[in-house]
Amino acid sequence: MRDSSTGSTARPSRPAGPSRRTVLAATAGATAGVTAALAAGGSAYAGDDVDRHDDKELRALISRMTLEEKVGQLFVMRVYGHSATAPDQADIDANLKEIGVRTAAELIAKYRVGGIIYFAWAHNTRNPHQIADLSNGIQKVSLDQPRGLPVLISTDQEHGIVARVGKPATLFPGAMALGAGGSREDARTVGRIGGAELHALGIRQDYSPVADVNVNPANPVIGVRSFGADPDAVAGLVAAEVKGYQASGVAATAKHFPGHGDTAVDSHFGFPVITHSRELWSTLDAVPFRAAIRAGIDSIMTAHIMVPALDPSGDPATLSRPILTGILREELGYDGVVVTDSLGMEGVRQKYGDDRVPVLALKAGVDQLLNPPSLDIAWNAVLNAVRGGELTEARLEESILRVLRLKAKLGLLSDPYVTDGGVDRAVGIPAHLRAADRIAERTTTLLVNKEGLLPLSRRRTPKVLVVGADPASPSLSDGPPTTVLAGALTELGFTATALSTGTAPSTATIARAVAAAKDADAVVVGTYNVTATGSQKTLVEQLVATGVPVVAIAIRNPYDVAQLPSVGAYVATYSWTDVELRAAARAIAGRVDPHGRLPVPVQRADDPTKVLYPIGYGLTY
């Protein structure tokens with residue numbers, strides 16, 4: 001990323017061509033009011049009153065759309081490539097295979113989609129200036145269409161284990177780590193800084209925060225993506241993060257309504273059933289969503305889960321009118337944008353075909369249809385449903401109005417473009433990186449410290465072996481967890497070496513680690529979802545048997561500690577991102593005291609009905 005402090009000239013990324021004001025004014029005289037109202041403040045973030053005052057102008061925009069354009073406005077779609085018009089050949093091939101177009105430009109021209117979602121795996125997010133250029137290219141292509149409108153660009157930037165925009169952008173601790181820190185101000189800071197960086201990249205809708213209350217340790221899809229198991233604590237942190245994001249002009253998205261925290265099934269691959277009673281749902285799952293709505297949340301994402309107490313039909317919540325209209329809209333009073341979780345997930349595809357899912361979602365009360373497996377099937381299904389009378393144009397217009405209100409509020413109707421200078425002033429700047437480090441230090445949680453093993457002493461234990469799981473990086477980072485930890489400890493004055501043993505170490509790998517441990521003064525081992533019969537547990541037990549002091553770090557779920565009672569010390573980081581691992585290294589070395597407190601209970605391994613460590617537990621020095 002270019003640094004403006006070096007004196008380099010920051011070229012504007014804004015494409016040449018008609019401005020948004022010109023485009024709007026050209027559509028009809030009736031739309032001039034929206035332009036004037038949005039331009040008056042000169043700010044990228046137009047404010048909370050735009051949606052109330054400009055419905056007449058927004059409806060005028062809708063009235064000039066063709067039916068096909070109206071259908072397109074409801075879709076948010078993936079597209080491969082780092083450029084809107086000139087992606088790499090491999091990305092062109094992937095687009096042709098999955099979408100039937102070559103580029104983002106062709107996607108917009110053919111389907112007139114209202115939104116595009118960025119993914120790292122789709123090669124949308126290589127580096128900050130490339131992302132900004134991609135965003136500008138998408139906006140220019142869309143505005144150049146007849147009756148063109150700006151695109152609402154979105155991504156999943158939860159931080160922690162889910163981050164689509166990686167370094168050199170600032171990466172913060174994830175939700176459960178923030179739950180361990182317990183600071184609403186820190187949560188607001190994450191939203192404010194994270195939102196400012198996304199805004200500078202042209203991303204104006206973030207599918208965060210996770211509002212699910214994680215009460216099931218076996219939850220395979222939420223887990224550390226949740227702030228914790230206490231609904232009131234989760235609610236406070238959700239509301240704070242929402243306010244932070246939206247103060248930076250980025251739409252926050254509370255997910256996954258009506259609550260995905262108590263499931264042992266991943267809705268990407270199966271169809272979870274939540275058996276909570278209506279009363280339990282109201283006092284547990286609903287609490288953070290109510291808080292998000294009170295905080296003025298711009299969008300809420302649906303869950304592909306069945307909740308029989310809320311809708312006995314057997315439909316997933318994404319397709320449930322009793323849940324989305326009856327409860328979310330009418331009971332909770334929410335009138336913002338409702339976006340589906342990805343329509344490519346099995347949880348929403350098992351009961352109905354891909355042609356029925358988008359139609360049923362709209363009938364249920366959804367506004368944005370996210371990432372269908374086949375856009376052509378989904379787009380034509382909605383179009384044919386209107387032509388055949390199953391859906392009315394008025395129903396589509398109701399959702400388009402909500403989406404346009406949000407685009408207006410975010411300033412997209414007045415100026416959808418970003419600049420290189422804006423990127424350099426916001427993304428990954430030193431002040432933001434320092435804030436991430438300080439917040440991470442407040443989340444590190446010490447669960448076990450037998451005989452005061454921690455902090456480690458550079459004098460008594462100078463040689464440290466770092467072993468353990470090295471899951472794929474959840475974001476663009478400096479390397480595998482063992483490498484990051486060893487590097488951080490070396491910087492702190494230890495002689496640290498890394499030996500990756502993986503999430504399922506073989507007998508030979510365990511033997512190598514044990515042999516290496518005998519030459520070390522202390523061992524640090526990273527654990528990742530340890531099970532009672534897994535070889536990670538065998539590895540740690542054999543390391544302890546060497547007599548060398550063993551410090552374990554749960555680099556994902558804190559529940560690992562229950563499986564490994566023999567270790568001398570146990571630290572929970574709730575993620576294996578650089579910022580959290582380095583904070584843990586500073587705590588292990590005694591440079592900072594651990595201050596985190598468990599935001600979830602840890603049950604005993606031998607009797608899960610009993611709590612080993614309660615919510616709020618945590619040691620310090």
Hey, what do you get for [atom1] ([X]) to [atom2] ([Y]), rounding to the nearest 0.5 Å?
X	Y	atom1	atom2	answer
Thr283	Asp232	OG1	CG	9.5 Å
Leu310	Ile274	CG	CD1	10.0 Å
Lys167	Leu433	NZ	CG	8.5 Å
Leu152	Leu406	CG	CG	5.5 Å
Asn219	Asp262	CG	CG	7.5 Å
Ile62	Leu401	CD1	CG	5.0 Å

Any side-chain heavy atom of [X] within less than 4.5 Å of one from [Y]?
X	Y	answer
Asp315	Lys351	yes
Leu143	Pro416	yes
Ser154	Ile116	no
Thr125	Phe119	no
His260	Val210	no
Leu201	Pro128	yes
Gln139	Ile153	yes
Leu107	Leu375	yes

Can you tell me if Arg290 has over 12 outside heavy atoms packed within less than 6.0 Å of its CZ?
yes
Could you check whether [X] pairs with [Y] (Lys NZ or Arg NE/NH1/NH2 to Asp/Glu carboxylate O, under 4.0 Å)?
X	Y	result
Arg405	Asp335	yes
Arg321	Asp311	no
Glu241	Arg192	no

Closest heavy-atom contact between [X] and [Y]?
X	Y	value
Arg204	Leu410	NH1-O, 3.1 Å
Leu74	Asp367	CD2-O, 3.5 Å
Asp285	Pro288	O-CD, 3.4 Å
Phe227	Pro209	CE1-CB, 4.0 Å

Do [X] and [Y] have a side chain donor and acceptor closer than 3.5 Å?
X	Y	value
Thr170	Glu197	yes
Thr318	His304	yes
Tyr80	Asn124	no
Lys407	Gln73	yes
Asp91	Asn95	no
Ser63	Arg59	no
Gln145	Glu69	no
Asp156	Tyr207	no

Report the C-alpha distance between Leu396 and Leu391 in whole Å, list the side-chain angles of each, state the deciding distance to 0.1 Å, and finish with yes or no for side chain to side chain contact (heavy atoms under 4.5 Å, CB included).
CA-CA 8 Å; Leu396 269 56; Leu391 288 171; 4.3 Å; yes
Under 3.5 Å, is there a donor-acceptor pair between the side chain of [X] and the main chain of [Y]?
X	Y	answer
Ser267	Gly347	no
Thr340	Ser342	no
Ser142	Pro150	no
Tyr334	Val337	yes
His432	Ala426	yes
Ser135	Ile131	yes
Trp281	Pro258	yes

Pick from [options]: which one makes a side chain to side chain contact (heavy atoms under 4.5 Å, CB included) with [X]?
X	options	answer
Pro372	Leu343, Val382, Ile377	Leu343
Gln157	Ile203, Val250, Leu171	Leu171
Tyr118	Thr155, Val79, Leu198	Thr155

State which residues pass salt bridge (charged side-chain N to carboxylate O under 4.0 Å, His left out) with [X]; sequence neighbours excluded, sorted by chain then number.
X	answer
Glu106	Arg102
Glu330	none
Arg387	Glu68

Pair Met77, Asn371 - check side chain to side chain contact (heavy atoms under 4.5 Å, CB included), show working.
CA-CA 5 Å; Met77 189 59 184; Asn371 205 23; 4.0 Å; yes
Run the numbers on Ser226 and Asn214 for side-chain hydrogen bond (donor to acceptor under 3.5 Å, both in side chains), then give the verdict.
CA-CA 6 Å; Ser226 162; Asn214 199 79; 5.3 Å; no
So Arg356 and Glu390, salt bridge (charged side-chain N to carboxylate O under 4.0 Å, His left out) or not? Walk me through it.
CA-CA 11 Å; Arg356 294 299 299 153; Glu390 185 177 7; 2.8 Å; yes
With salt bridge (charged side-chain N to carboxylate O under 4.0 Å, His left out) as the test, would you mind laying out the steps for Lys255 and Glu158 before giving the verdict?
CA-CA 11 Å; Lys255 62 186 187 186; Glu158 298 174 13; 2.7 Å; yes
Go through the steps for Arg329 and Val338 under the test side chain to side chain contact (heavy atoms under 4.5 Å, CB included), then give the verdict.
CA-CA 10 Å; Arg329 296 281 192 210; Val338 174; 3.4 Å; yes
Give the C-alpha distance, both sets of side-chain angles, the deciding distance and a yes or no for side-chain hydrogen bond (donor to acceptor under 3.5 Å, both in side chains) between Tyr245 and Asp298.
CA-CA 10 Å; Tyr245 275 116; Asp298 282 329; over 6 Å; no
Using the rule given for side-chain hydrogen bond (donor to acceptor under 3.5 Å, both in side chains), can you reason through Asn136 versus Tyr417, listing the C-alpha separation, both sets of side-chain angles and the distance that settles it, and then say yes or no?
CA-CA 6 Å; Asn136 283 340; Tyr417 296 116; over 6 Å; no
